[in-house]
Protein chains: 2
Amino acid sequence: MSSADTPSRARGASPGPQGARPPAARMRGSGLNRGDQLLFLTDAQLRQGVELMFFAYRDMIADADRVLETRGYGRAHHRCLHFVWRRPGMSVSELLDTLKVTKQSLNRVLRQLVEDGMIDSKVGPSDRRQRLLTATPEGEALVRSLSDAQNARMRRVFMEAGAEAVQGFKTVLADMIDEDSRESVLALVNDQPGA
Amino acid sequence: MSSADTPSRARGASPGPQGARPPAARMRGSGLNRGDQLLFLTDAQLRQGVELMFFAYRDMIADADRVLETRGYGRAHHRCLHFVWRRPGMSVSELLDTLKVTKQSLNRVLRQLVEDGMIDSKVGPSDRRQRLLTATPEGEALVRSLSDAQNARMRRVFMEAGAEAVQGFKTVLADMIDEDSRESVLALVNDQPGA
DNA sequence: CTTGGACAGTCAACAAGGCTGACGTAAAAT
DNA sequence: ATTTTACGTCAGCCTTGTTGACTGTCCAAG
């Protein structure tokens with residue numbers, strides 16, 4: 001079924017992942033639009049992308065884990081609290097849709113967070129079936145300390161990589177999101193908190 | 001070390017991945033072109049990076065999950081089998097180090113994979129304490145169908161984003177890896193399978 | 001040689017956080 | 001008014017993470 005070396009023709013290429021090695025053949029100015037270079041997208045190159053996602057995610061997550069551990073929370077609490085903070089007043093089902101987990105998984109950690117006073121849950125005014133969620137001041141404080149941990153890494157990386165690389169990074173990640181949810185996800189991601 | 005032309009000042013920043021909504025502070029028409037603007041690395045921009053990693057990883061992983069489900073395996077099996085396939089003959093502790101999980105988590109799934117004939121485990125010839133792991137033909141077949149699922153997404157994304165974006169993507173991810181393990185991880189990632 | 005420590009891997013028991021299914025209640029549809 | 005649908009909750013199961021105790025192997029000091 002597949003390919004050891006199926007080169008699918010594409011524009012795009014990336015000689016080596018990190019900037020440590022000098023870019024091999026760049027082929028600039030080939031006369032093609034947009035990404036410019038026409039080159040082979042081998043399975044090996046795609047595999048590199050997947051593996052890099054794994055390792056980067058693994059290490060990025062670890063920053064927050066260290067903070068969570070001191071509070072007795074896990075990753076599930078983090079995700080839940082983070083998005084509630086991002087969208088104050090969101091309902092449980094909106095949160096479910098964002099996290100793509102089941103109600104029960106969410107409910108367990110959500111209940112803890114409410115009991116612990118990190119999240120405030122109140123019955124929806126127009127639709128009383130809903131529970132509208134908001135982060136309390138304590139919840140916000142925790143979100144902030146979690147963000148700080150991860151932002152430190154991000155800040156270093158973004159500075160080292162430079163603006164163009166960061167732009168590319170964001171473009172690729174945005175494209176990687178399922179098309180169904182992409183629009184709403186990007187609306188969330190790009191929404192300014194203070195606004 | 002790793003990167004290209006990195007100024008110490010925050011050069012960088014990417015307004016938004018792609019416009020689902022033109023975010024505030026776009027600085028368009030400032031006379032500086034994209035990539036060259038010197039701009040502040042705000043917390044909001046860092047937060048976008050973290051959130052995009054979450055969503056992209058979530059959806060990327062889902063591709064493989066669908067395949068795994070049909071075989072009765074989970075993500076842990078996937079990771080384990082994948083890296084054994086990448087480094088035939090690797091020992092259990094090397095694998096532990098790659099995955100950064102504890103022995104027992106690994107051992108459970110590893111045992112299943114060995115029992116199911118996906119991985120071959122043999123005593124190390126020079127050091128009989130070691131168990132050297134290799135993917136069997138069946139294991140390789142499974143790895144391939146898992147890769148196919150994820151590569152389809154990667155291929156589309158890489159083509160759509162273009163070569164430069166892909167380059168930036170890989171640069172940023174590589175920088176995001178813990179410095180301690182970065183070198184060895186990149187050696188693994190960049191290692192060509194057929195070589 | 002042998003003994004003690006370090007290292008590789010295994011096994012047992014437990015916790016976190018996924019999942020499905022059953023259920024009560026509120027809103028909508030008939 | 002009654003059925004149907006949607007939202008949130010509760011109970012129970014399974015995967016996969018963790019720590020701790022254990023076996024077997026290697027190597028170095030006595």
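Fair warning: this is a prediction, and the values are worked out from it, not measured in the lab. Lettering of chains follows the sequences in order, A, B, ..., and the numbering in each one begins at 1.
As judged by a 4.0 angstrom heavy-atom cut-off over every strand, S93(B) is placed among residues touching the sugar-phosphate backbone only. Note on R108(A): a base of the nucleic acid sits closer than 4.0 angstrom, heavy atoms only.
Contact annotation: R79(A) side-chain N/O to dG18(C) OP1/OP2 distance is under 4.0 Å. Proximity of T102(A) to the phosphate of dG18(C): no side-chain N or O atom is located under 4.0 Å from OP1 or OP2. For the pair H77(A) and dG17(C), the criterion of a side-chain N or O lying under 4.0 Å from OP1 or OP2 is met. Contact check, N107(B) against dT10(C): a side-chain N or O comes under 4.0 Å of OP1 or OP2.
Put simply, the side chain of Q130(A) and the base of dG8(D) share no donor and acceptor less than 3.5 Å apart. A donor and an acceptor atom never sit less than 3.5 Å apart when one is taken from the side chain of R129(B) and the other from the base of dC26(D).
Aromatic ring pairs are classed by plane angle as parallel below 30°, tilted from 30° to 60° and perpendicular above 60°; the pair H77(A) and Y73(A) is tilted. Classified by interplanar angle (parallel below 30°, tilted 30° to 60°, perpendicular above 60°), the ring pair F169(B)/F169(A) is parallel.
Taking the side chain of R131(B) as heavy atoms from C-beta on, and the options dT25(D), dG9(C), dA11(D), the nearest nucleotide is dG9(C). Distances were taken from every side-chain heavy atom of K103(A) (C-beta onward) to each of dG8(D), dA11(D), dA12(C); the shortest belongs to dG8(D).
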query: Yes or no on salt bridge (charged side-chain N to carboxylate O under 4.0 Å, His left out) for D178(A) and R153(B), after CA distance, side-chain angles and deciding distance?
result: CA-CA 9 Å; D178(A) 280 351; R153(B) 178 182 300 259; 2.7 Å; yes

